[in-house]
Amino acid sequence: MVVAADFNITRVERSKLNEMSLENIPFGKYFTDHMLEVDFEDGEWKMVEIKPYQPLLLSPSVAALHYGQAIFEGMKAYKNQKGEALIFRPLDNLNRFNISAKRMQMPLVPEEIFMDGLRELIKLDKNWIPQKEDHALYIRPFMFSSDEMIGVRPSDKYKFMIILSPTGPYYIAPMRIYVEEKYVRAVPGGVGFVKNAGNYGAAMYATAEAKKQGYDQVLWTDAYEHKYVQECGTMNVFFIIGDIAVTPDLDSGTILAGVTRETTITLLREMGLSVEERPLHIDEIVEAYKNGKLYEIFGTGTAATISMIKELRYKDFVMHFNVDNWNYAPTIKKQMSAIKEGKIADVYNWMYKV
Ligand code: COI
């Protein structure tokens, strides 16, 4: 078993924070002073290294670059009013990380490495946690196959790493979304329910096509009929229809079990709304809009938190929303931030103190 004392920790001599400010930082562009790196070889995890953030030296034959055995997670750390560092629901992300690892035929990462490593790393880089509204320290654990060998087979060697990025909001303004009917994100039996790198790479072409038409993201539909909505860009998606919140269910294995999705379901129910996780047909959405019953649409995700959708285009039919009058999405967003920043009670024990 790996314990924190087994970690090999090398600190930077001088923090890069001396040269930069945490004001108005874009998503994912800056990285903290340290990173975690550990190799899996000969069937076991080796010594965990926490060391200055630096480039990796990799052979061009490294398997992940060729066949995409690569998975990742996204989490966020915050500071409460006492200045303590807290991570939002990290055990849920660990659990999902290992679901991804299993599906991609990769080794599981033990809790001791993931959680103790995370704690040690955040302790070192605690000063990088921004305290501004809508800002956080984004945590990016990832793993890739590191065999230097281009035969197509699961690797014998893997590298697990964690890097940290102080970050501002992912989507700044309410979004315009295009309902995608040609390209697909995921198919039943595929890998849509896990966080493998290829899911995101494969989405880029369709997203770029939608952007050419002035849209921020696509609303993915199912692979067979292009009728049942799936995810929105890199987020799960919610529709407030009448007095019910509807979000696509996870049963077909094409949708990521978002931690923010699950949090949103809990908070919506707390607000007295019924939440239905079920297949949702695009015709139901259009009909609800025409009947004046489609009140809100929003995406949920770790990076994006809650992102309101102000326009949804299906074929030539465009649905417009006045997000200024919305109730649920802004309330949930505020409530989630207040829990994360320790401003209201964390009754569900979502916050993990470092
Ligand atoms: C997240 O919300 O953490 C994601 O993984 C989405 C994106 C930044 C890839």
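As the structure lists them, so they are numbered: ligands from 1, and atoms in each ligand from 1.
Residues lining ligand 1 at a heavy-atom distance below 4.0 Å are given as Phe27, Phe72, Gly74, Tyr138, Arg140, Tyr170, Lys195, Tyr200, Thr234, Thr302, Ala303, ordered by chain and residue number.
Judged by distance alone, the side chains of Glu209 and Tyr178 never bring a donor and an acceptor atom under 3.5 Å apart. Between the side chains of Lys51 and Asn8, no donor-acceptor pair is found at a separation under 3.5 Å. A donor atom on one side chain and an acceptor atom on the other are found under 3.5 Å apart for Ser59 and Ser61.
Between Glu262 and Arg89 there is a salt bridge, since a side-chain N of the basic residue sits under 4.0 Å from a carboxylate O of the acidic one. The residues Arg261 and Glu231 are annotated as not salt-bridged, no charged nitrogen and carboxylate oxygen being separated by less than 4.0 angstrom.
In this structure, Met271 shares a hydrophobic cluster with Tyr78, Leu86, Phe88, Phe238, Ile240, Val259, Ile265, Leu267, Leu268, Leu273, Val275, Tyr295, Phe298, Ile306, Tyr328, Ile332, Met336, Ile339, Ile344, Val347, Tyr348, Trp350, Met351, the cluster being traced through Ile, Leu, Val, Met, Phe, Trp and Tyr side chains under 4.5 angstrom apart.
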